[in-house]
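Comments concern the structure below.
Here the structure is a predicted model, which is why all the values come from computation and not from measurement. This chain uses plain numbering: 1 for the first residue, then up along the sequence. Note that ligands are numbered from 1 as they come in the structure, with each ligand's atoms numbered from 1 the same way.
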Amino acid sequence: MNETALAAARHGVDVRGVITDKVAGDDGRAGWYDSGVAYFVAQEINSYPVERMRELAVHEVCHAVGGFPYPHDLEHWCCMKRDGEVGYPPPVTVMGQWPVC
Ligand SMILES: [Zn+2]
């Protein structure tokens with residue numbers, strides 16, 4: 001998984017990407033991170049365009065940057081922003097303003 005390897009290198013962490021037939025829970029997640037491995041659900045990512053796949057890979061790699069478990073907090077959002085991949089709003093606002101990383 002090139003996107004995962006490249007993102008991991010950019011962020012200085014060791015993460016490898018694995019494509020799986022497993023599904024995590026019933027929330028339709030396309031991927032998750034666990035102990036140095038970014039898992040991607042085959043049936044979900046099959047239809048992903050390249051940019052969306054890149055964003056997902058960065059998302060999972062950013063779970064590794066702060067150590068596990070690493071939630072969808074501001075630090076996670078800032079990690080994605082550093083990689084130029086922010087596909088969702090920041091998790092918190094400060095006085096109605098988007099936070100500065
Ligand atoms: Zn996540």
* Structure fact -> To the nearest 0.5 Å, atom NE2 of His11 lies from atom SG of Cys62 at 4.5 Å
* Asked: Which heavy atom of Lys81 sits nearest a heavy atom of Cys101, and at what distance?
  -> CD-SG, 4.1 Å
* Structure fact -> Nearest heavy-atom contact between Asp83 and Ala7 is OD2-CB, 4.1 Å
Pairs under 3.5 angstrom only: tabulate donor-acceptor contacts from the side chains of residues 31-51 to other protein residues two or more places apart or in another chain.
residue	atom	partner	partner atom	Å
Tyr33	OH	Gly36	N	2.9
Asn46	ND2	Ala42	O	3.2
Tyr48	OH	Arg52	NH2	3.3

* Under 2.8 Å from the Zn ion (ligand 1) - protein N/O/S, by chain and number -> His59 NE2, His63 NE2, His72 NE2
* Would a 4.5 Å heavy-atom cut-off, applied to side chains only, mark Arg16 and Met1 as touching? -> no
* Does Arg82 reach the side chain of Cys78, with side-chain heavy atoms less than 4.5 Å apart? -> yes
